[in-house]
Asks: 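For reference, the structure I am asking about is given below.
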Amino acid sequence: MVHRGGGAILYILALVVQEHQKILTKLFVFVLAFYALKVFALVIFKYTDSDIFYSVLKVNRFDCMGIGGIGAVLYHQKSKMVKFFTSKVAQWTVLISLMVMLLEEFRFSMLVDHQLVALVTLSLILSNITLKKPLLNLENKFFNFIGKLSYGIYVYHKLIVLLLVPFIQFLPFPKGLKLASLGILSLVLTIVISYLSYQYFEKRFLKLKSKYTTIKSTSEKELTASSL
């Protein structure tokens with residue numbers, strides 16, 4: 001009976017591993033296929049009058065999402081690739097890449113820009129969830145605060161910029177000062193509106209969500225603790 005029980009457990013574990021491997025393979029195939037479709041669309045449609053197909057594919061960065069999915073599976077499997085993404089070399093590469101991106105100079109090639117950003121982000125996330133002292137530690141009060149507002153920042157930022165542009169254009173400032181004013185005002189308003197949205201709108205849905213979720217996010221844990 002012990003041998004049978006042990007054999008059954010090994011069989012179940014083999015099925016689980018096989019299933020994870022299938023998911024990993026499917027994600028790899030999906031990322032490569034979607035990327036190949038992008039390249040095809042770029043070559044065929046980008047420099048024609050009907051480049052809408054390429055524009056749609058460029059906006060919908062499902063290949064980048066797929067890269068994140070691959071990272072999640074590798075982390076779940078405790079793959080050796082995780083050590084590669086969290087090595088000191090990888091972390092320094094991420095830090096330098098982020099500094100270059102902030103300087104608006106990250107223009108390697110339109111074919112791989114987004115994919116490189118996805119890999120940089122993946123390395124950053126894996127480093128923060130697997131290492132006690134990552135080179136770039138995102139676990140602090142500032143980033144925790146911004147993380148809570150991230151949905152609002154994502155939703156409201158573009159709308160705020162669009163509403164501010166006509167107003168900024170009428171200001172009697174030089175062009176450089178107008179751009180600076182647009183950047184500062186849009187940043188401040190985005191943070192303020194996102195904060196109000198989180199406090200008086202999103203919190204209600206997070207509390208409702210926490211009743212039905214098994215694994216709670218940091219925000220949900222804080223909300224649960226504050227309501228006790």
Asks: Indicate yes or no for a side-chain donor-acceptor contact from Ser79 to the backbone of Val82 under 3.5 Å, with no hydrogens or angles considered.
Replies: no
Asks: Should Phe85 and Ile129 be regarded as members of a common hydrophobic cluster, given that ILVMFWY residues are connected when their side-chain heavy atoms come within less than 4.5 Å of each other, either directly or indirectly?
Replies: yes
Asks: Indicate yes or no for a side-chain donor-acceptor contact from Ser123 to the backbone of Leu119 under 3.5 Å, with no hydrogens or angles considered.
Replies: no
Asks: Once you round to the nearest 0.5 Å, how far does CD1 of Ile125 lie from OH of Tyr75?
Replies: 12.0 Å
Asks: Could you tell me whether the side chain of Tyr195 reaches within less than 4.5 Å of the side chain of Phe145, counting heavy atoms only?
Replies: yes
Asks: Report the residue from Val120, Thr121, Thr93 that forms a side chain to side chain contact (heavy atoms under 4.5 Å, CB included) with Leu98.
Replies: Val120
Asks: Do you reckon Val161 sits in the same ILVMFWY cluster as Tyr154, going by side-chain contacts under 4.5 Å, direct or chained?
Replies: yes
Asks: Would Leu116 and Val39 show up in the same hydrophobic cluster when neighbours are defined by side-chain heavy atoms closer than 4.5 Å?
Replies: yes
Asks: Which donor-acceptor pairs under 3.5 Å do side chains of residues 163-191 form with protein atoms, sequence neighbours excluded?
Replies:
residue	atom	partner	partner atom	Å
Lys178	NZ	Gln169	O	3.0
Ser181	OG	Leu177	O	2.8
Ser186	OG	Leu182	O	2.7
Ser186	OG	Gly183	O	3.0
Thr190	OG1	His157	ND1	3.3
Thr190	OG1	Ser186	O	2.5

Asks: Hey, could you give me the CD1/CD distance between Ile23 and Gln77, rounded to the nearest 0.5 Å?
Replies: 8.5 Å
Asks: Does the side chain of Leu124 come within less than 4.5 Å of Asn128's, by heavy atoms?
Replies: yes
Asks: Which salt bridge (Lys or Arg N to Asp or Glu O under 4.0 Å) pairs, counting each pair once, include a residue from residues 59-78, with sequence neighbours left out?
Replies: Lys38-Asp63
Asks: Heavy-atom distance under 4.5 Å between the side chains of Val31 and Gln115, does that happen here?
Replies: no
Asks: Looking at Gly152 and Ser194, what are the two nearest heavy atoms and their distance?
Replies: C-OG, 3.1 Å
Asks: If two hydrophobic side chains count as joined below 4.5 Å and joins carry through other members, does Ile153 share a cluster with Leu206?
Replies: yes
Asks: Rounded to the nearest 0.5 Å, how far apart are NZ of Lys158 and CD1 of Ile160?
Replies: 13.5 Å
Asks: Say you draw a straight line from CG of Leu122 to CD1 of Ile70; how long is it, rounded to the nearest 0.5 Å?
Replies: 9.0 Å
Asks: Do Tyr156 and Ser197 have side-chain heavy atoms sitting under 4.5 Å apart?
Replies: yes
Asks: Do Leu27 and Leu32 belong together in a cluster built from hydrophobic side chains that touch within less than 4.5 Å?
Replies: no
Asks: Any idea which heavy atoms bring Phe30 and Phe62 closest together, and the distance?
Replies: CE2-O, 3.4 Å
Asks: What's the spacing between Ile67 CD1 and Phe34 CZ if we round to 0.5 Å?
Replies: 11.5 Å
Asks: Verify the neighbour count for atom OH of Tyr151: are there more than 12 heavy atoms of other residues, nucleotides or ligands below 6.0 Å?
Replies: no
Asks: Mind listing the side-chain donor-acceptor pairs of residues 130-138 below 3.5 Å, one per line with the distance, residues two or more places apart or on another chain?
Replies:
residue	atom	partner	partner atom	Å
Thr130	OG1	Leu126	O	2.5
Asn137	OD1	Glu139	N	2.9

